[in-house]
Amino acid sequence: MRVIETVDEFRAATPVSDRPLGLVPTMGALHDGHMSLVSRARAENATLAVSIFVNPAQFSPMEDYDSYPRDMDADYAILDEAGVDLVLAPTTDEMYPAGSHTRVDVGSLSERLEGVSRPGHFVGVATVVTKLLSIVRPDTAYFGQKDAQQGLVIWRLNADLNLGAQIVLCPIVREADGLALSSRNAGLSADERQAATVLYKALSATGNMETGDAGQVRRRMRAIIEEEPLAALDYVSVANPQTLDELDVVTGPALALVAVRIGKTRLIDNMAIGSKA
Ligand code: PAF
């Protein structure tokens with residue numbers, strides 16, 4: 001496995017012939033959720049690249065950029081073990097050199113849900129993912145369904161800017177009690193970790209609904225979260241899975257989404273509901 005810190009060196013190392021080339025973009029602090037993307041990407045590609053970059057542009061000044069977990073040595077060891085060929089681990093100056101100014105804004109998709117709670121977040125994500133796809137030029141890039149809105153934003157920018165990658169969203173990996181794996185779970189105390197199961201409980205209360213009143217589902221999810229004293233509700237949503245427009249009635253495929261703050265940690269989760277047809 002080669003660890004590369006600069007864009008020029010990465011470009012020179014990117015194979016022309018050993019394709020397909022897969023990319024798993026990450027911010028490090030790798031857990032089994034990331035590794036499920038890595039193992040799928042390993043199975044589907046001749047060459048596999050993983051990027052590790054904690055992207056300051058997607059954190060607002062009030063957020064946890066400084067305290068975001070980082071453990072490069074542990075990350076390199078598990079990526080090597082998983083058979084990764086190339087790791088791109090650029091510095092912030094390498095990704096955003098002095099004078100760099102261009103930002104990518106996908107518009108309305110990024111202005112709802114997470115976009116309301118985290119202003120500017122998706123411009124940061126869209127900009128760095130556009131840069132990573134341009135640097136690596138993968139045939140396929142893999143992301144987690146846990147960040148459902150991020151997945152839609154990335155699908156949109158890849159299509160709109162003709163970046164030519166296939167975007168694959170991989171299923172959420174959960175602990176035995178339903179908590180979705182996230183690097184942020186590391187910041188939970190034992191009590192908070194227990195309280196964090198409330199996200200999955202709320203989503204499960206949708207009862208895998210096929211059709212029905214979306215407002216009632218939102219109320220049920222909200223009531224479950226409000227019963228947990230350590231949880232502060234940010235939003236619940238029952239939305240169209242492509243546009244994230246809030247639904248009045250579920251008549252087909254839909255997405256239930258929740259965001260909750262537990263202590264200093266903000267957690268999100270989602271579940272596909274509605275008839276699959
Ligand atoms: O999901 C993440 O870890 C990040 O948002 C991503 C896609 C690597 C961009 O920084």
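Nothing fancy with the numbering, it's 1 onward along the sequence. Please read all numbers here as calculations on a predicted model, not as lab measurements. For ligands, and for the atoms within them, numbers begin at 1 and follow the listed sequence.
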What protein heavy atom sits nearest [atom], and how far off is it?
{"atom": "atom 9 (C) of ligand 1", "result": "Gln58 OE1, 3.4 Å"}
{"atom": "atom 7 (C) of ligand 1", "result": "Gln150 NE2, 3.5 Å"}
{"atom": "atom 3 (O) of ligand 1", "result": "Met27 CG, 3.6 Å"}

For this session: Any atoms of ligand 1 less than 4.0 Å from a non-hydrogen atom of Val128? List them with their elements.
Result: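 With Val128 as reference, the close atoms of ligand 1 come out as 9 (C), 10 (O).
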For this session: For the pair Arg220 and Asp213, find out whether any cationic side-chain nitrogen is under 4.0 Å from an anionic carboxylate oxygen.
Result: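 Here Arg220 does not pair with Asp213 in a salt bridge, since their nearest N and O are not under 4.0 Å apart.
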For this session: Using a strict cut-off of less than 4.0 Å between a Lys/Arg side-chain nitrogen and an Asp/Glu carboxylate oxygen, indicate whether Glu246 and Arg218 qualify as a salt bridge.
Result: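 Result for this pair is yes, salt bridge flagged.
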Exercise. Is there any N or O on Thr26 that sits under 3.5 Å from an N or O of ligand 1?
Worked result: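 No, no N or O pair falls under 3.5 Å.
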Problem set entry | Flag, side chain of Asp18 to backbone of Ala46, donor-acceptor distance under 3.5 Å |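 Between the backbone of Ala46 and the side chain of Asp18 there is no qualifying donor-acceptor contact (under 3.5 Å).
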Exercise. Tyr96 vs Phe53 aromatic rings, parallel, tilted or perpendicular, using cut-offs 30° and 60°?
Worked result: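 Tyr96 and Phe53: tilted rings.
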For this session: Tell me yes or no: between the side chains of Gln145 and Asn270, is some donor less than 3.5 Å from an acceptor?
Result: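 The answer is yes; a qualifying pair exists.
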